[in-house]
Amino acid sequence: MNTNSLNQPLGGNDMPRFAGPATMMRLPTAEDPADIDVGFIGVPFDIGTSNRAGARFGPRQIRAESAMLRPYNMATGAAPFDSLQVADLGDVPVNTFNLEKSIAIIEDYYRRVVTADCIPITLGGDHTIALPILRALKSKYGPVAMIHVDAHADVNDHMFGEPIAHGTPFRRAVEEGLLIAGKVVQIGLRGTGYTADDFDWPRSQGFRVVTAEECWYKSLAPLMAEVREQIGDAPVYISFDIDGLDPAFAPGTGTPEIGGLSIMQGLEVIRGAKGLNVVGGDLVEVAPPYDTSGNTSLVAANLLYEILCVLPDVPYR
Ligand code: MN
Ligand code: MN
């Protein structure tokens with residue numbers, strides 16, 4: 001824990017919310033992850049997408065829409081800035097001309113972050129980036145549990161013959177032993193498939209698959225109580241694909257599917273992770289070119305804040 005005075009988001013009474021540098025939550029920036037407990041990190045990468053690209057612009061737009069976020073969570077009482085040194089670490093300098101090189105750059109970057117005992121919260125970027133992040137997490141924690149919100153299972157073996165793309169990260173993660181498969185839950189899966197058994201492969205690996213239809217008309221708080229029981233004290237990663245939410249709430253994404261989760265259900269999932277040993281999280285697949293109102297990025301910014309609020313050592317008031 002850093003003992004300097006704690007970074008705080010710049011308040012709207014000190015500088016108008018539409019002004020000043022657009023860091024995440026108007027936090028100070030940091031260069032060295034060793035100086036902070038939690039780092040917001042942008043990964044402006046979308047060369048793993050299969051349909052509409054644009055998630056490379058996600059980090060910048062999410063930061064812009066995060067300008068309204070205030071320090072205290074009025075719903076849950078979380079007060080992350082009362083105990084944690086949090087800053088915006090900026091963006092990972094991906095090589096946008098080369099997927100393989102970018103994956104290596106991301107893994108190296110996150111190894112540096114976790115080695116410094118800094119918890120990464122990631123502004124994506126398409127979902128490909130979860131693979132190098134999980135590789136880096138394994139170097140510190142070993143395999144991790146995962147709470148994965150998504151319309152898609154992202155367990156394809158290949159996409160157009162390629163082993164690494166935004167629809168394959170969790171197949172590779174299982175093969176590489178990055179996940180505790182019996183402590184992985186996928187929430188919000190739906191839509192059309194290539195085969196009728198598309199969701200059976202993750203089940204065969206031990207994942208719990210909760211389809212969107214199983215979530216309709218319900219609070220997800222009871223589900224999350226079961227998830228907490230299942231995960232126990234294992235280190236857990238939260239990977240939140242914005243397309244897990246219904247496109248009515250989050251249209252700015254590359255592969256939208258109808259009939260998804262509500263914003264309230266998304267909040268219940270993340271808030272339901274309170275008490276777990278959360279070692280990192282991401283919010284991926286925000287594609288601002290399809291986000292004409294900015295609302296998708298606004299939702300994303302809030303969900304990233306909610307991930308911060310459920311980290312260990314966050315006090316509740
Ligand atoms: Mn995904
Ligand atoms: Mn998806």
Side-chain angles (χ1 to χ4, degrees), residues 43-56 58-59 62 99 102-103 106 122-135 146-160 162-174 178-179 184-194 198-199 201-202 205 207-215 237-263 265-266 269-270 280-291 296-297 299-300 303-304 307:
V43 185
F45 172 100
D46 64 6
I47 56 175
T49 49
S50 53
N51 189 35
R52 311 193 299 201
R56 68 180 59 183
I62 292 168
L99 184 145
S102 291
I103 295 304
I106 296 166
T122 300
L123 293 59
D126 76 48
H127 222 154
T128 315
I129 66 176
L131 177 63
I133 293 170
L134 288 170
R135 285 173 175 168
M146 182 171 69
I147 297 168
H148 172 209
V149 178
D150 206 320
H152 313 98
D154 292 352
V155 294
N156 292 295
D157 197 2
H158 292 89
M159 297 185 88
F160 223 84
E162 298 297 328
I164 298 181
H166 80 151
T168 69
F170 305 121
R171 170 82 67 139
R172 298 288 92 77
V174 168
L178 311 182
L179 294 170
V184 174
V185 58
Q186 299 185 295
I187 304 169
L189 274 55
R190 63 188 186 274
T192 47
Y194 280 106
D198 273 5
F199 299 157
W201 187 86
Q205 303 305 307
F207 290 16
R208 178 170 183 185
V209 173
V210 182
T211 65
E213 285 76 7
E214 292 173 75
C215 300
Y237 185 68
I238 299 173
S239 194
F240 200 119
D241 184 328
I242 197 73
D243 72 28
L245 301 186
D246 191 85
F249 303 110
T253 192
T255 49
E257 308 281 359
I258 66 166
L261 306 186
S262 69
I263 290 173
Q265 289 174 315
V269 169
I270 297 175
D282 65 51
L283 191 298
V284 296
E285 298 282 357
V286 171
Y290 302 96
D291 190 20
T296 311
S297 290
V299 173
L303 294 177
L304 285 157
I307 293 174

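The first residue of the sequence shown is numbered 1, and numbering continues consecutively from there. Start at 1 and go down the list; that is how both ligands and their atoms are numbered.
- For Arg171, there are no salt bridge (charged side-chain N to carboxylate O under 4.0 Å, His left out) partners two or more places apart in sequence or in a different chain.
- Side-chain atoms of Pro163 and Thr168, non-hydrogen and from C-beta on, never get closer than 4.5 Å to each other.
- Protein N/O/S atoms closer than 2.8 Å to the Mn ion (ligand 1), listed by chain and residue number, are His127 ND1, Asp150 OD2, Asp154 OD2, Asp241 OD2.
- Under the side-chain hydrogen bond (donor to acceptor under 3.5 Å, both in side chains) criterion, Asp150 pairs with His127, His148, His152, not counting sequence neighbours.
- Nearest approach of Ser297 to Pro288, heavy atoms of both residues: OG-CG, 4.5 Å.
- Taking Asp282 as the reference, Tyr237, Ser239 meet the side-chain hydrogen bond (donor to acceptor under 3.5 Å, both in side chains) condition, with sequence neighbours excluded.
- The shortest heavy-atom contact between Leu304 and Thr122 is CD2-O, 3.4 Å.
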